[in-house]
Student: 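Before we start, here is the structure in question, set down as structure tokens.
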There are 2 protein chains.
Amino acid sequence: MLQSEISDILKEFNLKVTPIRTTVLNVLVHSDVALSHADITDKIGDESVDKVTLYRTLNTFNEKGLIHKVATEDRNWLYAIMLKSNKIPVSEHDHAHFICNSCEKIFCFPVSQHTQSGIASIKEGFKVLEQEIRLHGICPACQ
Amino acid sequence: MLQSEISDILKEFNLKVTPIRTTVLNVLVHSDVALSHADITDKIGDESVDKVTLYRTLNTFNEKGLIHKVATEDRNWLYAIMLKSNKIPVSEHDHAHFICNSCEKIFCFPVSQHTQSGIASIKEGFKVLEQEIRLHGICPACQ
DNA sequence: CACTATTTGCAACTTAGTTGCAATGGAGAT
DNA sequence: ATCTCCATTGCAACTAAGTTGCAAATAGTG
């Protein structure tokens, strides 16, 4: 993905284009798994980013619907962008997370309407507005 | 539920019967929603329990499969027991959590095999071993 | 270029949860 | 009932993730 496309995404979400935001978004766009604050810090590597700034950047992205947060089993946050095939991020309320028991990576992908409908009326009297499905197992790379 | 039944559950899970465990299990058994460490401390009230002991008690219960932990959106742990109709706890890998957007209570209930099957093969190459479904919405009491 | 609102960096703080260790106590054996 | 051993408990100090306040820097607009 070109640098200009990263900028375009930021502009589309009404965010000022800054070096940090570009760097962070770039990392997220090129990852197929959800990343923690520490993962992102590592990936950025050299030109170290202040931890507070990174938290704020991620929270801003999340508030604008550009990425979303997943709380892990060990009570950390993971952050992931969801891109449609055309590389434009979509904000999605209904999605699934697959957590690999072996490598502990978290994969994130949308869930079909068809799969959702089966769950929608689980219990009398509970009005379901959005949902997340967490799957634990073994990812293709670890099998 | 009688005090002797609480003891029986502990024994059944190979846990020594102690006053603290009895108290904590009693609180969990009588709650229809998942409780945080702080919730449990509050419910116990007077005869204050050391926070470390409570964490250890909850983790022990969790390891033995007597209760299970849910990570909340605000990165706290909630703890819940799952009872079958006959009031014997079941250790269940596949279950759903319903989080009320209004009162923020978390309800926990098993998911039918039928509902599960729809999700099991979401993505090629991912071997699903267990799953959790999170539903966000409005609980009956808040409608 | 100049101006303003937003973003960034630093230091200090908060809070959930953990670790180490000594004291206590449950429950099976005698 | 008492002894003994090992699991459990309580306390203090610690860790680590994430937040807050504030001053300095900077994007974007005219």
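Order of the sequence lines sets the chain letters (A, B, ...), proteins ahead of strands, with each chain counted from 1.
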Student: Treat primed atoms plus P, OP1 and OP2 as sugar-phosphate and everything else as base, then score nucleotides 11-24 of chain D 5' to 3': B for base contact with protein heavy atoms under 4.0 Å, S for sugar-phosphate contact only, - for none.
Tutor: BB----SBBBB---
Student: Minimum heavy-atom separation for A:T18 to A:T22, with atom names?
Tutor: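 Of all heavy-atom pairs spanning A:T18 and A:T22, the closest is O-OG1, 2.8 Å.
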Student: Between B:H37 and B:K51 (side chain of the first, backbone of the second, donor and acceptor by atom type, cut-off under 3.5 Å), is there such a pair?
Tutor: yes
Student: Please check this pair: side chain of B:D39 against backbone of B:S36, looking for a donor-acceptor N/O pair closer than 3.5 Å.
Tutor: yes
Student: What string of B, S and - do you get for nucleotides 25-30 of chain C, 5' to 3', if B is base contact, S is sugar-phosphate-only contact and - is no contact with any protein heavy atom under 4.0 Å?
Tutor: -BS---
Student: To the nearest Å, give me how far apart CG (B:L78) and C1' (C:dG17) are.
Tutor: 15 Å
Student: Rounded to whole Å, how long is the line connecting atom CD1 of B:I44 with atom C1' of D:dT9?
Tutor: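 In whole Å, D:dT9 C1' and B:I44 CD1 are 14 Å from each other.
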Student: What residue among A:I40, A:V49, A:I20 forms side chain to side chain contact (heavy atoms under 4.5 Å, CB included) with A:T57?
Tutor: A:I20
Student: Looking only at non-hydrogen atoms, find the nearest pair between B:I6 and B:V29 and report the distance.
Tutor: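 Reported closest heavy-atom pair: CD1-CG2, 4.1 Å.
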Student: Taking A:S31 for the side chain and A:V27 for the main chain, is one N or O donor matched with an acceptor at less than 3.5 Å?
Tutor: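 Not confirmed, A:S31 side chain does not pair with A:V27 backbone.
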Student: Do the non-hydrogen side-chain atoms of B:K69 and B:L78 ever get within less than 4.5 Å of each other?
Tutor: no
Student: Could you give the CG-to-P distance, from B:N14 to D:dC6, as a whole number of Å?
Tutor: 18 Å
Student: Give the rounded distance in Å between these two atoms: CZ of A:R21 and P of D:dA25.
Tutor: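 In whole Å, D:dA25 P and A:R21 CZ are 19 Å from each other.
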Student: A:K64 and A:N14: which non-hydrogen atoms are nearest, and at how many Å?
Tutor: NZ-O, 3.7 Å
Student: Starting at atom CG of B:L54, determine the distance to atom C1' of C:dA16, rounded to an integer number of angstrom.
Tutor: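 It works out to 12 Å between those atoms.
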